[in-house]
Amino acid sequence: MDIFVHFKSIIVDILTDMGHADLDFSRINTEPPRDKSHGDIATNAAMVLAKPLGLKPRDLALKIAESLQTNADIEKVDVAGPGFINISVADGFYTSRFAEIVARKEQFGKPEANGKKLILEFTSANPTGPVHIGHVRGTVFGDSLANLLQWSGYDVFREYYVNDAGGQIVTLARSAFLRYRECLGDDIGQIPQGYYPGEYLKPVGQDIVDKFGDKLKSMPEAEWLPLIRDLVMSSMMKMIKQDLELLDVKFDNYFSESELHASGAIDKSLADMRARGLVYEGVLPPPKGQLPDDYEEREQTLFRATDWGDDIDRPLIKSDGSYTYFAADIAYHRDKYMRGFNEQIDVLGADHGGYVKRLKAIVRAVSNDEAELDVKICQIVKLVKNGEVQTMSKRSGNFITLKELHSEVGKDPIRFMMLYRKNEAPLDFDYDKVTEKSRDNPVFYVQYAHARVHSIMRQAKETLANFDMDEFDFTKANLALLTDSSEIGVIKSLLNWPKTANVAAEFHEPHRISFYLYELAAQFHSLWNKGKEMPQLRFIVSEDEELTHARLALVRSVAYILKAGLDILGVNTPKEMR
RNA sequence: GCCCGCGUAGCUCAGUUGGAUAGAGCAUCGGAUUUCUACUCCGAGGGUCAGGGGUUCGAAUCCUCUCGCGGGCACCA
């Protein structure tokens with residue numbers, strides 16, 4: 001139970017008792033004050049409600065404070081500044097609340113299922129090559145956000161949109177065909193400009209040889225292309241899935257774009273939109289700035305995106321008569337809505353920032369404002385090695401792949417560091433730092449805190465008679481014995497976990513979890529260090545078993561919450577780090 | 001030109017969707033330091049929250065303008 005929610009409800013009760021049940025309580029905040037000397041909880045209740053009641057904020061605050069004073073969990077109430085009510089909570093309250101963590105363990109603060117379905121689309125890397133550094137951040141972000149939303153009670157569906165329609169797949173097939181000829185002994189020379197040059201297509205060339213022998217060589221392209229197209233696609237997807245497994249990412253579904261074309265879903269969604277008057281024939285104003293070389297003004301079939309918040313209406317049909325990518329996107333998001341997803345999230349790369357408005361417009365339009373889409377943009381990642389930024393060139397296909405990155409640093413640093421920054425802020429990924437065993441390296445620092453808990457438990461098993469972490473019932477510990485300010489400090493942080501996680505879920509911001517975990521780890525390490533100078537604060541006090549049990553309950557609880565958080569991030573929780 | 005994001009300590013960044021004297025880590029400076037297997041620890045200094053104007057009891061946060069950086073701007077996927 002979130003203690004801030006708890007105290008807010010107490011305040012609401014007081015106001016209700018005062019006869020103000022009809023007020024809008026939603027603007028009341030209960031939160032930790034910036035300045036610790038102001039107590040544990042500050043509320044703006046009086047300032048927010050003074051006006052509708054025709055009272056001065058301070059007068060109302062004093063009234064509320066008077067009632068709060070009678071609450072046994074509250075040690076002290078002050079009215080300060082323009083009308084803040086500062087509450088100091090009795091230590092006994094914390095230790096009694098803390099009992100809930102000891103009882104619920106990793107589940108502490110986890111809300112009940114809310115019965116809502118949500119679809120999260122992420123990664124969606126083009127199926128033309130391996131997963132590379134450009135996809136990693138969005139992948140980790142999306143997967144962890146999915147975990148986070150599951151934690152907070154959503155029924156989450158992870159989906160990968162496979163862009164398997166259009167020209168790039170033809171190019172891919174042609175590139176594979178070159179490798180096929182190479183396998184048959186032809187000298188193919190340099191891979192031509194515009195083709196996919198990567199080595200990863202060589203085994204595909206061999207696969208084609210194995211399946212078709214040399215008979216494709218003499219065929220015209222129109223005949224061999226459909227034959228090898230599916231083969232190339234499926235081996236690309238297989239490769240991508242293997243790459244994603246390196247990060248422990250699994251999708252519930254891979255949604256094929258070409259399927260939308262083939263099944264008539266695009267025709268259907270377009271017909272539906274026409275029927276609703278969302279489509280018209282018209283001429284767009286030419287784009288500002290540099291005009292494309294082959295620009296020609298013409299009448300097009302347009303979606304009235306501007307009616308739904310976009311800047312400009314969007315074309316649905318290309319000059320050759322086929323559907324635009326955008327038309328497929330409409331059908332796709334419509335399909336998600338038809339599947340019952342009224343909450344949708346798309347995770348995109350920084351280069352797709354310009355798509356946010358039109359995507360939101362799509363979801364609003366196809367659902368007639370019943371569904372909502374949030375688009376999260378992940379900024380680029382700069383790889384830093386030996387203090388230098390690693391440059392990559394897209395033309396040569398010289399991307400650092402996930403596989404390479406993974407083989408150098410492993411899963412945990414990748415996942416943690418990709419989430420150790422707000423998604424819309426650029427991120428430097430430092431190869432050297434993430435493998436360092438020091439406080440500078442947040443991954444190590446947090447994981448080490450978890451390992452340290454287990455180390456202490458092993459130590460306790462040796463020192464104490466009849467103690468085994470897995471069998472000991474920590475709920476029997478006398479938690480009221482935890483009275484030192486730094487112990488209470490750790491308890492307070494642990495009790496903040498539900499609020500942190502719920503806010504992170506609400507705003508779709510998993511990075512808040514990593515920052516919280518880092519702070520919790522720092523606090524725990526600091527408490528451990530205190531025991532060096534003040535032996536009476538050590539966790540294991542051999543002459544006082546009762547106190548030791550209480551402290552071990554605290555130590556154990558740190559690991560519960562670290563695990564709850566690291567599970568959301570998808571980072572391992574080692575029991576030792578030797 | 002237009003749209004989106006960003007601009008916070010010397011550096012890298014948080015900032016609980018409007019709260020009180022704006023925080024953390026690194027770096028700098030000043031002390032302490034051989035252990036519950038492990039990362040040393042404690043403290044201090046450091047700010048025009050890019051800049052101007054506005055909204056109100058109160059703004060890093062909301063509105064507006066300016067500057068700077070990044071991304072995007074018919075039909076590609």
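Below, read A as the first sequence line, B as the second, and so on, with proteins coming before strands; counting in each chain starts at 1.
In this entry B:G10 has B:C26 as its Watson-Crick or G-U wobble partner, both defining distances falling under 3.5 Å.
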Polar-atom pairs under 3.5 Å, protein N or O versus N or O of nucleotides 23-34 of chain B: list them with distances, or write none.
none

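Under the 6.0 Å distance and 45° angle rule, A:R137 does not count as a cation-pi partner of A:F141.
Salt bridge A:D313/A:R304: absent, no basic N to carboxylate O contact under 4.0 Å.
Of the side-chain N and O atoms in A:K530, none sit less than 4.0 angstrom from OP1 or OP2 of B:C41. The side chain of A:S526 contributes an N or O atom lying less than 4.0 Å from OP1 or OP2 of B:C42. At the phosphate of B:G15, OP1 or OP2 sits under 4.0 Å from a side-chain N or O atom of A:H511. Residue A:K318 places at least one side-chain N or O under 4.0 Å from the OP1 or OP2 atom of B:A77.
Residue A:Y448 and nucleotide B:C39 are not classified as a stacked aromatic pair, given the requirement of ring centres less than 5.5 Å apart at an interplanar angle below 30°. The aromatic ring of A:F84 sits over the base of B:A20, with ring centres less than 5.5 Å apart and planes tilted by under 30°.
A:R512 is linked by a side-chain contact (heavy atoms from CB on, under 4.5 Å) to A:V503, A:A504, A:F507, A:E509, counting only residues two or more places apart in sequence or in another chain. Every residue meeting the side-chain contact (heavy atoms from CB on, under 4.5 Å) condition with A:H508, not counting sequence neighbours, appears here in chain and number order: A:L145, A:L149, A:I345, A:D374, A:K376.
Among the atoms of the strands shown, base atoms are found under 4.0 Å from some heavy atom of A:A451.
Each of A:N126 and A:P82 has a nearest nucleotide on RNA chain B; the 5'-most of these lies closest to A:P82.
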